[in-house]
Asks: 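One structure follows; several queries about it will come next.
What's counted below: heavy atoms across the whole structure, side chains too, no hydrogens, waters or symmetry copies.
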Amino acid sequence: MESLPEAVLIRILASLPAVDLVLVCRLVCCQWKNLVDGAALWILKCQQEGLIRAESDAENWQNFYFLSKKRKNLIKNPCGEEDLEHWGEVENGGDGWKIEELPGDFGKEFPSEEVHKYFVTSYEWCRKAQVIDLRAEGYWEELMDTTQPKIMVRDWYAGRSDAGCLYELCVKLLSENEDVLAEHKSETVTIPQDNDASWTEISHTFSDYGPGVRFVRFEHGGQDTLFWKGWYGVRVTNSSVTVEP
C-alpha cells in the first residue's frame with residue numbers, strides 16, 4: 001500500500017463507507033489521516049454519490065458530505081397523518097385543533113401531491129410546538145459549534161375562502177439549558193374573508209448563530225377572525241426544519 005500513488009489510494013478509500021473512513025481508516029497512519037482529513041477524498045465521494053456543491057462554497061467537504069447524507073425533515077408528523085402525535089405544548093382554543101383532508105371545504109389543493117392532510121384551528125388561538133434534539137438526530141456538538149450549518153425553517157398556511165383568519169410562526173434555537181440563542185418570529189399574518197384559499201409558504205434561514213445550539217423549538221398556530229364555532233381558522237401543513245449542507 002505504501003507504494004501506491006496517492007491518487008490511487010484516494011480512489012480505494014473513497015469506495016469505503018464514510019463512517020469507516022473517519023473511525024477506522026483515519027487511525028491507520030499519518031498518511032491515511034491526512035487523506036481522510038483532506039478535501040480530495042470527500043470531493044470524490046460527493047461526485048460518486050451525486051452530491052453537488054458550488055466550488056466557491058467548498059470550505060469543509062467532509063462536513064458537507066455528512067450533512068448532505070443526513071439531510072431530512074426533522075419535524076415529525078408535519079401533515080397530520082398521525083393526528084397530533086409528536087406535537088407538544090398544544091393549546092386548544094375554541095374547539096381545538098382538527099385534522100382534515102385536502103382540499104377541505106372552501107379550500108384548494110396543496111402544491112405537492114404528496115401532502116394529503118392539514119391541521120386547522122378554531123375560533124380562539126390554537127398553538128402547537130415541537131422541540132428537536134439536534135444531538136439525538138446525529139448533529140454532533142463540534143459540528144454545530146464550529147461549522148454552524150444553516151438551519152432552514154419552512155411552513156405552509158392557508159385560509160378557507162369563506163372566513164378570515166390569523167397565523168403566526170415562532171422558531172427558537174436553544175442551548176443545552178434551553179436558553180434562547182436565536183429567534184425568528186413572524187408578524188401576525190392576517191388573511192381576509194373572501195380570500196382565494198391559496199397555500200402560502202413562509203421560510204427563514206438561521207446562520208452565524210454562534211456556538212451552543214442543541215435544540216430547535218418550532219411553534220405555529222392561529223385562529224379565525226369571525227369567531228365561528230367549529231374549524232374556520234388558519235390551516236397549516238408540511239412544516240419542516242432541515243440542517244443544510
Side-chain angles (χ1 to χ4, degrees), residues 1-76 78 86 112-114 130-154 171-176 181-182 184 201 203-218 238-245:
M1 295 290 284
E2 294 179 357
S3 63
L4 285 176
E6 189 171 278
V8 175
L9 183 53
I10 286 174
R11 288 196 169 275
I12 294 172
L13 291 175
S15 66
L16 299 176
V19 174
D20 290 342
L21 289 172
V22 174
L23 298 182
V24 180
C25 297
R26 189 173 179 275
L27 307 179
V28 170
C29 63
C30 289
Q31 182 192 19
W32 285 31
K33 178 182 182 298
N34 291 334
L35 291 179
V36 173
D37 289 346
L41 172 60
W42 298 99
I43 290 174
L44 180 57
K45 282 193 73 66
C46 288
Q47 292 172 343
Q48 290 174 340
E49 299 185 34
L51 305 176
I52 307 301
R53 183 181 199 178
E55 195 69 35
S56 59
D57 193 34
E59 295 178 3
N60 189 318
W61 282 91
Q62 183 182 137
N63 283 347
F64 172 75
Y65 177 87
F66 281 106
L67 285 169
S68 298
K69 298 293 284 187
K70 293 179 69 63
R71 189 177 184 276
K72 65 176 181 178
N73 185 5
L74 301 177
I75 292 286
K76 297 177 174 62
H86 304 295
S112 169
E113 295 181 357
E114 297 178 358
Q130 263 189 57
V131 177
I132 298 163
D133 184 337
L134 293 170
R135 284 174 299 189
E137 296 292 343
Y139 298 98
W140 56 99
E141 294 181 3
E142 182 183 359
L143 174 73
M144 299 307 302
D145 293 346
T146 304
T147 303
Q148 295 176 32
K150 292 179 181 179
I151 299 175
M152 173 72 77
V153 177
R154 294 183 177 90
V171 185
K172 299 176 181 179
L173 305 187
L174 307 177
S175 70
E176 176 75 35
L181 302 180
H184 171 73
E201 182 184 38
S203 66
H204 178 76
T205 301
F206 291 97
S207 61
D208 300 322
Y209 40 77
V213 172
R214 301 293 180 263
F215 302 95
V216 180
R217 185 182 185 277
F218 179 103
N238 206 37
S239 311
S240 68
V241 173
T242 55
V243 179
E244 298 293 315

Asks: Looking at every non-hydrogen atom in both residues, tell me the closest pair between Met152 and Ser203 and how far apart they are.
Replies: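 Distance-wise, the nearest heavy atoms are SD-CB, 4.5 Å.
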Asks: At their closest point, which heavy atom of Glu176 faces which heavy atom of Phe215, and how far apart are they?
Replies: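 Minimum heavy-atom contact is O-CE1, 3.9 Å.
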Asks: How many angstroms lie between CD1 in Ile151 and CG in Leu134, if you round to the nearest 0.5 Å?
Replies: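 Answer rounded to 0.5 Å: 5.5 Å.
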Asks: Drop me the distance from Ile43's CD1 to Gln47's CD, to the nearest 0.5 angstrom.
Replies: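 So the gap between those two atoms works out to 7.0 Å.
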Asks: Return the minimal non-hydrogen interatomic distance between Asp145 and Val213, and the atom names on each side.
Replies: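 It is OD1-N, 4.3 Å.
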Asks: What pairs of residues pass the salt bridge (charged side-chain N to carboxylate O under 4.0 Å, His left out) test when at least one of them lies in residues 35-52, not counting sequence neighbours?
Replies: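 Pairs touching residues 35-52 that pass the test: Arg26-Asp37, Lys33-Asp37, Lys45-Glu49, Glu49-Lys69.
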Asks: Identify the two heavy atoms, one from Met144 and one from Pro149, that lie closest to each other, and give their separation to 0.1 Å.
Replies: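 Of all heavy-atom pairs spanning Met144 and Pro149, the closest is SD-CG, 4.0 Å.
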Asks: Could you list the residues that satisfy side-chain contact (heavy atoms from CB on, under 4.5 Å) with Glu6, not counting sequence neighbours?
Replies: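 side-chain contact (heavy atoms from CB on, under 4.5 Å) list for Glu6, sorted by chain: Ile10, Leu35.
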Asks: Of the non-hydrogen atoms in Leu181 and Ser175, which two are nearest, and what is the gap between them?
Replies: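 Between these two residues, the closest heavy atoms are CD1-CB, 3.9 Å.
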Asks: Rounded to the nearest 0.5 Å, how far does CG of Leu41 lie from CD of Gln62?
Replies: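 Here the interatomic distance stands at 8.5 Å.
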Asks: Taking atom OG1 of Thr147 and atom CG of Asn63, what is their separation to the nearest 0.5 Å?
Replies: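 Going from the OG1 atom of Thr147 to the CG atom of Asn63 covers 4.0 Å.
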Asks: If you look only at pairs with a residue in residues 8-23, which of them pass as a side-chain hydrogen bond (donor to acceptor under 3.5 Å, both in side chains), with sequence neighbours excluded?
Replies: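 Listed by first then second residue: nothing to list.
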Asks: Could you go through the ring pair (Phe, Tyr, Trp, His ring centres under 6.0 Å) check for Phe66 and Trp42 one step at a time?
Replies: CA-CA 10 Å; Phe66 281 106; Trp42 298 99; 5.6 Å; yes
Asks: For Glu137, enumerate each residue passing the salt bridge (charged side-chain N to carboxylate O under 4.0 Å, His left out) test, keeping only those at least two apart in sequence or located in another chain.
Replies: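 Only Lys72, Lys76 meet the salt bridge (charged side-chain N to carboxylate O under 4.0 Å, His left out) criterion with Glu137.
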Asks: Going by ring pair (Phe, Tyr, Trp, His ring centres under 6.0 Å), name the residues that satisfy it together with Phe218, two or more places apart in sequence or in a different chain.
Replies: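 Ring pair (Phe, Tyr, Trp, His ring centres under 6.0 Å) check on Phe218 returns His220.
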Asks: Could I get the full list of ring pair (Phe, Tyr, Trp, His ring centres under 6.0 Å) partners for His184, not counting sequence neighbours?
Replies: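 Checked His184 against ring pair (Phe, Tyr, Trp, His ring centres under 6.0 Å); matches are His204.
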Asks: Working to the nearest 0.5 angstrom, can you tell me the gap between Asn238 CG and Asn73 CG?
Replies: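 Between atom CG of Asn238 and atom CG of Asn73 there are 7.5 Å.
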Asks: State whether Phe206 and Lys150 meet the cation-pi test: NZ (Lys) or CZ (Arg) under 6.0 Å from the six-membered ring centroid, and within 45° of the perpendicular axis.
Replies: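 The answer is no, since Lys150 fails at least one limit relative to Phe206.
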Asks: Nearest 0.5 Å, please: how far is OG1 in Thr146 from CG in Asn60?
Replies: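 Asn60 CG to Thr146 OG1: 10.0 Å, rounded to 0.5 Å.
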